[in-house]
There are 4 protein chains.
Amino acid sequence: MPQSTDTRYNHQRLAAIRSAAAVFADKGYHGASTADIAAHLGIKQGSLYYYFKSKEEALSEVCLLGIRDYVKRMSVIADSDQPFAAQLLATVSSHLMSYRETNEALKVYNDERLYLPEEKRTKLKTLGSRYRQQLEKIFEDARSAGVIRTTVDCHFAAQSVIGLCNSWGHLIVRDPELDVFILAQQCTDLVLQGVTAAQSN
Amino acid sequence: MPQSTDTRYNHQRLAAIRSAAAVFADKGYHGASTADIAAHLGIKQGSLYYYFKSKEEALSEVCLLGIRDYVKRMSVIADSDQPFAAQLLATVSSHLMSYRETNEALKVYNDERLYLPEEKRTKLKTLGSRYRQQLEKIFEDARSAGVIRTTVDCHFAAQSVIGLCNSWGHLIVRDPELDVFILAQQCTDLVLQGVTAAQSN
Amino acid sequence: MPQSTDTRYNHQRLAAIRSAAAVFADKGYHGASTADIAAHLGIKQGSLYYYFKSKEEALSEVCLLGIRDYVKRMSVIADSDQPFAAQLLATVSSHLMSYRETNEALKVYNDERLYLPEEKRTKLKTLGSRYRQQLEKIFEDARSAGVIRTTVDCHFAAQSVIGLCNSWGHLIVRDPELDVFILAQQCTDLVLQGVTAAQSN
Amino acid sequence: MPQSTDTRYNHQRLAAIRSAAAVFADKGYHGASTADIAAHLGIKQGSLYYYFKSKEEALSEVCLLGIRDYVKRMSVIADSDQPFAAQLLATVSSHLMSYRETNEALKVYNDERLYLPEEKRTKLKTLGSRYRQQLEKIFEDARSAGVIRTTVDCHFAAQSVIGLCNSWGHLIVRDPELDVFILAQQCTDLVLQGVTAAQSN
DNA sequence: AATGAATGAGAGTTCATTCAT
DNA sequence: TATGAATGAACTCTCATTCAT
């Protein structure tokens, strides 16, 4: 069993996970064949099994890759002392950036994790839930501080931000021209101000 | 070959499409087997082919069912003389309701249409684009009328509304307890006002 | 799910079991491919799965076929009132005949049952053990009646008879010329009298 | 290529053969993988090929190991001047002991040799046949000498003794508690005297 | 209008084998 | 002497599809 050190094996294995992420993102878990993944990595089909016990393990690893760092960054943001608007922008930026950085793994986490067996899925779900709860907490703190309206449903708001980011994430993956920073700014603005013009009176 | 009148055949065929929608929504296109669909409908696998030429045709029909009415209603909304806020609420309501009404077909349209061949996909895409354009137009008109800020990017706004509705739609399909009307109100509010508290000066 | 009546399905399924028995007997469980079995039956490989859920189920059914009748006949013999010598001859005859009748299924039961999962194996083992116990009982009764020597270890004797029959069974399967009736007579004689010449004094 | 002297290589090679014997005996030739054998020996899969040209060669060596000494001992017994009963006991003892001594190799020879190619199999068969013929000769001599009944079929008797020993051998391999000496005595007794009580007149 | 039976292509997976190091 | 990495063929199994009935 390989260590998590910097061996050649681990290097190649990570490459394999990234290949799986790309292919799963493109064709979906069931639509993608192990031959597709192997071809993307430049090896033969059977050789994949030197790195994965099964196709399912590949999916599992991709999902983990997809949310690990992204959840970690959310913790950093939640623990910071920045004002609400800055935290929100940071969250959205981090979320959208993840779609670029992790080779579509986050998309795979969102769309394909349901094909994992219960056990692995709940483990991932725990991570995902923590993310939402931390975002929710940010909203609640802002509401307590009077920064946002008292009528705002924080659960709804957090879920909406996540949903908004995810739906843009799909477009980001498909369209490499999209500017993630501008988009993050726009999304944050929308959530903060809405679209309505300021009442002038 | 049966006519498209109100025969028993057409009745059963619609039931078959709905079964396909339910199964595709649950397991994805590739994850679902024709046997699953048949079982959901209460017939045997081979008998499905009396209603569909192929599994792909089933997907195609489901996607069509998923957006037809929903696009139609958008046209009605776009053509109406209601004020912007009312149009937006109507759009969101219609969108979210579709997830309930059409037996998960809209979810299938969103998640699985990419598995259709070019030809059929572009045909659907046309419908989907029209939807977005009409929504975009609503935003543009509102901007011209000074109802929303001039800095609002209408393409971005329309896409965001659609994304927001779709991400909530996924939750709606999985959670039958969610109240679609309240949700529509909340989404509209978010887009209109954002979350920021009113500046008191 | 098919009934155990005389449907076409059950007829074909039995034929499939017999084919599996023949092929397993010839090449062993792991050495035989499902393609081999299908070819022996005159259908295509994939079609086998219309009759079996898995290759393992095929093995399981073959093993069952292999001992079912054979165990049943032993019960009849054990319950009869015949003298010991007649019972022994009947047992040996029945045992050897099974190798001819059941299309090598008994050989498969002996050699390949260890590849079944625990659960199914123990179920079969119960049947097999009953067989040995009944035979052992026959020896014990004979010993009590003074028909055989008091020094005879009945467990050893029963196991030896079974082993003798099984080893001849292997030869019977491979050599269609062997006369089972003569063989049964010889085996019984050996066990009854041994080879030693009568002491003449 | 190493010599057949007492090098470290030959030492390890013998260990490899014994590992193969153990694994083949446990899982069968086709059920066992080269990885299993390597693991049993404490090396990695690929390294096995330093000792064997192929998996088949491993089987071939195991079979040879299984019968070589056993056949040799039979020759010694056959050439000796002992009385029939002593020869028979010696034969049975030697046969049963082989199951203990040679690491299950004799079991492998019996059960798996059929997977060898014609050429190698016939070579082994020659050895095996010689064994049976020598045993047959022992019976024939005893019959000529009037030690055993004239009605005894010597071919049948020799085959039966071998079969009896092999079937007990299987049990010996699986059950380390079985006392081989007692068993040899019992088997010999059975063949000599049968089970029938002495006629008292 | 529906079914039972079969098919064949393709999937995931295993594994004996090779070879540079 | 042994290993890590890779390969390709074979295998079990699934499934969309067909068709006689």
Side-chain angles (χ1 to χ4, degrees), chain A residues 2 7-9 11-13 16 30-38 41-58, chain B residues 2 7-9 11-13 16 29-38 41-58, chain C residues 2 7-9 12-13 30-38 41-58, chain D residues 2 7-9 12-13 16 29-38 41-59:
Chain A
T7 63
R8 175 159 149 58
Y9 178 88
H11 185 67
Q12 271 288 99
R13 187 165 197 268
H30 283 113
S33 75
T34 54
D36 293 333
I37 300 172
L41 187 57
I43 61 176
K44 295 295 156 59
Q45 195 209 148
S47 310
L48 256 197
Y49 286 76
Y50 189 66
Y51 298 104
F52 299 125
K53 213 169 77 270
S54 66
K55 188 186 180 187
E56 189 189 288
E57 184 183 295
Chain B
T7 61
R8 173 155 151 57
Y9 177 87
H11 185 69
Q12 271 287 98
R13 186 163 199 270
Y29 177 64
H30 283 112
S33 75
T34 55
D36 292 332
I37 301 171
L41 187 57
I43 63 175
K44 294 294 158 56
Q45 189 177 195
S47 311
L48 258 195
Y49 286 74
Y50 190 69
Y51 299 107
F52 300 123
K53 212 170 78 266
S54 67
K55 188 186 179 187
E56 190 188 287
E57 183 183 296
Chain C
T7 63
R8 175 159 148 62
Y9 178 89
Q12 271 289 99
R13 185 164 198 269
H30 283 112
S33 75
T34 54
D36 292 333
I37 301 172
L41 187 56
I43 62 175
K44 295 295 156 59
Q45 193 212 149
S47 310
L48 256 198
Y49 286 76
Y50 189 66
Y51 298 104
F52 300 124
K53 215 169 76 272
S54 65
K55 187 185 179 186
E56 190 189 288
E57 185 183 296
Chain D
T7 62
R8 174 157 150 57
Y9 176 87
Q12 271 288 97
R13 185 163 199 270
Y29 177 64
H30 284 112
S33 74
T34 55
D36 292 333
I37 300 172
L41 187 56
I43 62 175
K44 293 294 157 57
Q45 189 177 194
S47 312
L48 259 195
Y49 286 75
Y50 190 69
Y51 299 107
F52 300 123
K53 211 169 79 267
S54 67
K55 188 186 178 187
E56 191 188 286
E57 183 183 296
L59 175 58

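Worth knowing before you read on, the calculation uses all heavy atoms, side chains too, and leaves out hydrogens, waters and symmetry mates. Per chain, numbering begins at 1; letters A, B, ... match sequence-line order.
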**OP:** Hunt down the Watson-Crick or G-U wobble partner of F/dT14, both distances under 3.5 Å, from any strand shown, or write none.
**Re:** E/dA9
**OP:** Go through the steps for D/Glu56 and D/Tyr29 under the test side chain to side chain contact (heavy atoms under 4.5 Å, CB included), then give the verdict.
**Re:** CA-CA 9 Å; D/Glu56 191 188 286; D/Tyr29 177 64; 3.7 Å; yes
Subject >> Residue B/Tyr51, side-chain atoms from C-beta onward, closest of F/dC11, E/dA2, E/dG8 >> reply: E/dA2
Subject >> Integer-rounded Å distance: E/dT14 P and D/Tyr29 OH >> reply: 20 Å
**OP:** Rounded to the nearest angstrom, tell me the gap between atom CG in A/Asp36 and atom P in E/dG10.
**Re:** 13 Å
Original post:
Given atom NE2 of A/His30 and atom C1' of F/dC15, what is their separation to the nearest angstrom?
Top reply: 12 Å
Subject >> Within-4.5 Å side-chain heavy-atom neighbours: D/Tyr50 and D/Arg13 >> reply: no
Original post:
What is the distance, rounded to the nearest whole Å, between atom CZ of B/Arg13 and atom P of E/dA2?
Top reply: 14 Å
Original post:
Separation of D/Tyr9 atom OH from F/dA2 atom C1', in whole Å?
Top reply: 13 Å
Subject >> Partner nucleotide of E/dA20 by Watson-Crick or wobble geometry (both distances under 3.5 Å) >> reply: F/dT3
Original post:
Between C/Tyr50 and A/Thr34, which has a closest nucleotide on DNA chain E that is more 5'?
Top reply: C/Tyr50
**OP:** Search all heavy atoms of C/Gly31 against all heavy atoms of C/Asp36 and return the closest pair with its distance.
**Re:** O-OD2, 4.3 Å
Original post:
Toward the 5' end of DNA chain F, which comes first, C/Ala32 or A/Leu48, by nearest nucleotide?
Top reply: A/Leu48
**OP:** Identify the two heavy atoms, one from A/Lys55 and one from A/Ala32, that lie closest to each other, and give their separation to 0.1 Å.
**Re:** NZ-O, 2.8 Å
Original post:
Rounded to the Å, how far apart are C/Lys55 NZ and F/dT12 P?
Top reply: 4 Å
Original post:
Do C/Gln45 and F/dC13 have a side chain to base donor-acceptor pair shorter than 3.5 Å?
Top reply: yes
Original post:
Mapping C/Ser47 and A/Glu56 to their closest nucleotides on DNA chain E, which lands nearer the 5' end?
Top reply: C/Ser47
**OP:** Could you tell me which non-hydrogen atom of B/Ser54 sits nearest to which non-hydrogen atom of B/Tyr49, and how far apart they are?
**Re:** CA-CE2, 4.1 Å
Subject >> Length of the NZ-P vector between D/Lys44 and E/dT17, whole Å >> reply: 20 Å
Original post:
Within the pair A/Tyr49 and E/dT13, is there a side-chain N or O less than 4.0 Å away from OP1 or OP2?
Top reply: yes
Original post:
What's the CD1-C1' distance between D/Ile37 and E/dC15, to the nearest Å?
Top reply: 12 Å
Original post:
Which listed nucleotide (F/dT7, E/dA6, F/dT1) is nearest to the side chain of D/Arg8?
Top reply: F/dT1
